[in-house]
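Residue indices begin at 1 and follow the sequence shown. A quick note: this is a predicted structure, and the numbers were derived from the prediction, not measured.
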Amino acid sequence: MRLTSNTILVTGATSGIGLALAERFLARGNEVIVCGRRAERLREIRERHPGVHTRVCDVSQEAERVALFEWAAREFPALNVLVNNAGVQRRFPIPPHEPWHETASEIETNLSAPIHLSFLFAPHLATVPNAAILNVSSGLAFAPMAMMPVYCATKAAIHSFTLSLRHALGKQNVDVIEVIPPAVNTDLGGVGLHTWATPLDEFADAVMAQLDEGRPEVAYGSSAHISRAAREELDAAFARMNDR
């Protein structure tokens, strides 16, 4: 993937990995569009980075995904990179004591949104140079934690979908890249849950370095191992994580 002179849309970019990548793309001389649900956070980002473009969007809603695509294609015809980063991570027992719509919203954000946005943007991306789609999955796609079953399942599905998307869009000169984070010190899942994890800046810098190398799968730390592990290793990792 070329890392300069792109027009890049990053979903779920009001904090965490999405914002860290958006800031690094901006520093590399790209035109960057960030979207998220929180208007006040988008205003803060725009004040801190006057060159960034923002859009309020809840990607869990089909109509908002369509509106995002139509707006972006109209306002930024040179847009050539889509980063599907928005994600929700929830912890709950099985079966959950909640109405189905709460579970469904997590599936919509983590799985339906990146699939739908990839399908919406693919025809446009096939017409512009140096096009790419980046899908953010997780090391938990390969060895899940039972306390967050839907998050892990959706990330496993994103890994599978990304393989198929890469195969299909490679014929149309669109790079498809999977970013596979380990646990990173962000507020994903709740404030303070990941203070022990990989520092955000360390991970984001590693992602940029691997993108610069042209890797189709970008993994770091524990996810670099688990994403390439054999079945026996995955079973052992699952047992370790879930027998605590």
Can you name the residues that form a side-chain contact (heavy atoms from CB on, under 4.5 Å) with [X], not counting sequence neighbours?
| X | result |
| --- | --- |
| A122 | L169 |
| P99 | H101, E102 |
| V136 | N85, V179, P181 |
| A183 | H194, W196, A197 |

*Is it the case that more than 12 heavy atoms not belonging to E62 sit under 6.0 Å from its CD atom?*
no
*Quick check, are the ring centers of F161 and F119 under 6.0 angstrom apart?*
yes
*Which heavy atom of P216 sits nearest a heavy atom of R166, and at what distance?*
O-NH2, 3.0 Å
*Over all atoms of both residues, closest heavy-atom pair of I45 and A13*: CD1-O, 3.6 Å
*Which residue pairs pass the ring pair (Phe, Tyr, Trp, His ring centres under 6.0 Å) test when at least one of the two sits in residues 124-146, sequence neighbours left out?*
F142-H159
*With sequence neighbours excluded, give me every ring pair (Phe, Tyr, Trp, His ring centres under 6.0 Å) pair touching residues 38-63.*
H53-F76
Enumerate the residue pairs fulfilling salt bridge (Lys or Arg N to Asp or Glu O under 4.0 Å) with a member in [range], sequence neighbours excluded, ordered by first and then second residue.
| range | result |
| --- | --- |
| residues 108-117 | R65-E108 |
| residues 88-97 | R90-E98, R90-E106 |
| residues 181-208 | R24-D201, R24-D205 |
| residues 112-122 | none |

*Distance-only, no hydrogens or angles: does the R2 side chain make a donor-acceptor pair with backbone N or O of S5 under 3.5 Å?*
yes
*Would you mind listing every side chain to side chain donor-acceptor pair (under 3.5 Å) that reaches into residues 127-136, with sequence neighbours excluded?*
N84-N135, N135-T162
Report all side-chain donor-acceptor pairs from residues 32-39 shorter than 3.5 Å, counting only partners two or more places apart or in another chain.
{"residue": "R38", "atom": "NH2", "partner": "T14", "partner atom": "OG1", "Å": "3.1"}
{"residue": "R38", "atom": "NH2", "partner": "S15", "partner atom": "OG", "Å": "3.4"}

